[in-house]
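Throughout, residue positions are numbered sequentially from 1 according to the sequence presented. Computed from a prediction, not measured in an experiment: that's the story for all the values here.
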Amino acid sequence: AIDCFEKAFALDSTNVEAAEPLAELYRETERWSDAARIYEQFASSADALGTKSAAELFLRQGEAARRLGELERADKALSRALQLMPESADVHRQSAQCKLDLKQFDEARTMFQELLLRFGADLPSAERTRVHLHLAQALQGLKDHSGVVGAANDALKIEPENREALHLRAAADEELGRWAEVVADLRKLMEGAEDDERFDLLVRAGDILREKLSDNEKAAKSYNAALEIHPEHRTLLHKLITCYQSTEQWSRVVEAILRIADLLDDKKMLAKYYLTAARVNADKLGRTDEAVTYYDLALDNDPDVLTVFE
């Protein structure tokens, strides 16, 4: 079909009956550059098309320009479409989205708020959710963190498991220093997450619990869950040791030290970890036999290790 319309259009580039379906076929096959060329050609004479047809032309022109990353051109076309069809929710939405793409956050916020006020009740649930999310993004750009929380909450009322809304709310609550709320959202995000993402979420939650909420016990649980995914993560094992030291769980400190030791090839480093395990056993746990064992292991790996630490 495209070939036929292309031949007809090539014979007469002013033939609307060929241009309109050809542009639509280009659009359906995402040949945006070809579609944009046709829209651009007819935009200059849009006044002759009638209000509805002209508005649809500018809407299509704006869509194609956005797809091509030509945001200024898209904004101009969509503004024209909105002037012609101010009662169209779709035109309003695309124009607002373009403002957001242009990082014109104040205008985008106003337009998304107006879209919800005027058309929200008639929008399908999925579309209404997207509008709330776009509004949250505009508010994020304006650093209105409380506003972001409100918009994300509105999206979550419609789709309680929406991950983008949870991410937006968590980021806003972090800016507001509402650490318990951040951890709660991170835990929701862990549900259904792939291993690598879940690992990052668990570590982030553990860091907040340890550094911001001073809850080393819950932080340790979060770190241990992360270590089930990546058991040889040395940095995380060090964080776990810090948690156990803070809660004086010395047996677990030794366990974590030995887990790190199992990952080491460097004998001098290995000796230092065995020496630390020995001292915790001797000084904190009163386990003399275990302490002697780890002192011996330290010396086996580096005979000078005791001298270095004296």
Side-chain angles (χ1 to χ4, degrees), residues 163 166-167 170-171 173-174 177 179-310:
R163 299 183 69 78
L166 290 169
H167 275 294
D173 277 331
E174 187 166 350
W179 302 111
E181 287 83 353
V182 176
V183 171
D185 277 339
L186 295 178
R187 285 175 173 159
K188 289 178 183 177
L189 285 164
M190 291 172 199
E191 299 172 11
E194 297 295 329
D195 279 354
D196 284 344
E197 182 188 5
R198 188 164 181 270
F199 174 84
D200 291 338
L201 292 168
L202 284 162
V203 173
R204 187 177 170 201
D207 289 345
I208 292 171
L209 287 161
R210 179 170 60 93
E211 298 168 8
K212 302 297 184 180
L213 296 173
S214 300
D215 192 334
N216 285 283
E217 186 172 343
K218 288 183 179 178
K221 290 180 180 178
S222 193
Y223 291 149
N224 272 315
L227 285 165
E228 290 179 9
I229 301 170
H230 294 302
E232 298 185 355
H233 199 286
R234 285 174 57 181
T235 300
L236 194 50
L237 285 165
H238 279 287
K239 290 181 179 183
L240 188 59
I241 288 171
T242 300
C243 291
Y244 288 150
Q245 287 174 326
S246 297
T247 54
E248 298 187 351
Q249 298 183 65
W250 301 112
S251 292
R252 292 185 173 180
V253 169
V254 173
E255 290 172 6
I257 289 170
L258 296 177
R259 286 180 68 176
I260 296 174
D262 287 341
L263 304 174
L264 299 174
D265 294 321
D266 185 289
K267 288 185 174 295
K268 289 186 178 294
M269 287 295 297
L270 190 56
K272 292 177 182 179
Y273 279 92
Y274 281 137
L275 181 61
T276 303
R279 288 181 169 172
V280 173
N281 271 292
D283 299 342
K284 301 297 184 179
L285 295 169
R287 296 174 179 171
T288 306
D289 291 344
E290 287 87 342
V292 170
T293 298
Y294 292 120
Y295 277 127
D296 287 342
L297 285 169
L299 288 168
D300 288 343
N301 283 276
D302 181 7
D304 299 323
V305 69
L306 294 178
T307 305
V308 171
F309 278 83
E310 285 177 358

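- Considering only heavy atoms from C-beta on, V254 comes within 4.5 Å of L285 through its side chain.
- Taking both residues in full, the closest heavy atoms of R198 and I229 are given as NH1-CD1, 3.9 Å, listed atom of the first, atom of the second, then distance.
- The two atoms that bring F199 and A226 nearest to each other are CD1-O, 3.3 Å, heavy atoms only.
- Between the CE atom in M190 and the CD atom in E197 there is a gap of 10.0 Å [rounded to 0.5 Å].
- Applying the side chain to side chain donor-acceptor pair (under 3.5 Å) test to pairs two or more places apart or on separate chains, those with a residue in residues 182-191 are R169-D185.
- Scanning all heavy atoms of the two residues, the minimum distance from L227 to H233 falls at CD2-O, 4.0 Å.
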Q: Just do the side-chain contact (heavy atoms from CB on, under 4.5 Å) check on V292 and D296 with the steps written out, would you?
A: CA-CA 6 Å; V292 170; D296 287 342; 3.8 Å; yes

Q: Would you please test K239 and V203 for side-chain contact (heavy atoms from CB on, under 4.5 Å) and show each step?
A: CA-CA 10 Å; K239 290 181 179 183; V203 173; 4.0 Å; yes

Q: Assess whether side-chain contact (heavy atoms from CB on, under 4.5 Å) is satisfied between L186 and I208, documenting all intermediate values.
A: CA-CA 10 Å; L186 295 178; I208 292 171; 4.1 Å; yes

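- Looking at L258 and Y274, their side chains come closer than 4.5 Å, going by heavy atoms from C-beta outward.
- Each side chain to side chain donor-acceptor pair (under 3.5 Å) pair with one or both residues in residues 249-263, not counting sequence neighbours, appears once here: T247-Q249, Q249-R252, S251-R287.
- To the nearest 0.5 Å, atoms CG (N216) and CG (L240) are separated by 10.5 Å.
- Between S222 and G206, the closest heavy-atom pair is OG-N, 3.5 Å.
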Q: I would like to know whether Y223 and D207 meet side chain to side chain donor-acceptor pair (under 3.5 Å); could you show each step before the answer?
A: CA-CA 9 Å; Y223 291 149; D207 289 345; 2.5 Å; yes

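- For the atom pair CG (L297) and CG (L275), the distance works out to 11.0 Å, reported to the nearest 0.5 Å.
- From R204, atom CZ reaches atom CG of L209 across 12.0 Å, with rounding to the nearest 0.5 Å.
- The backbone N or O of L189 sits less than 3.5 Å from a side-chain atom of R163, completing a donor-acceptor pair.
- The minimum heavy-atom distance linking N301 with A271 is given by the pair CB-CB, 4.0 Å.
- Within 6.0 Å of CD in E217 there are 12 or fewer heavy atoms belonging to other residues, nucleotides or ligands.
- The ring-ring contact (aromatic ring centres under 6.0 Å, His included) check on Y295 picks up nothing, with sequence neighbours excluded.
- Evaluation of the salt bridge (Lys or Arg N to Asp or Glu O under 4.0 Å) rule for K212 yields no partner, not counting sequence neighbours.
- By the side-chain hydrogen bond (donor to acceptor under 3.5 Å, both in side chains) test, D215 is found to be paired with no residue, residues two or more places apart in sequence or in another chain being considered.
- For CD of E232, the number of neighbouring non-hydrogen atoms (other residues, nucleotides, ligands) closer than 6.0 Å is 12 at most.
- I241 places a side-chain heavy atom less than 4.5 Å from the side chain of I260.
- Residue L201 comes nearest to A193 through the heavy atom pair CD1-CB, 4.4 Å, listed as atom of the first residue, atom of the second, then distance.
- Note on D302 versus K272: no salt bridge recorded, every NZ/NE/NH1/NH2 to OD/OE distance being 4.0 Å or above.
- Taken to the nearest 0.5 Å, the CE atom of M269 stands 4.5 Å off from the OH atom of Y273.
- Here D196 pairs with H230 under the side-chain hydrogen bond (donor to acceptor under 3.5 Å, both in side chains) rule; sequence neighbours left out.
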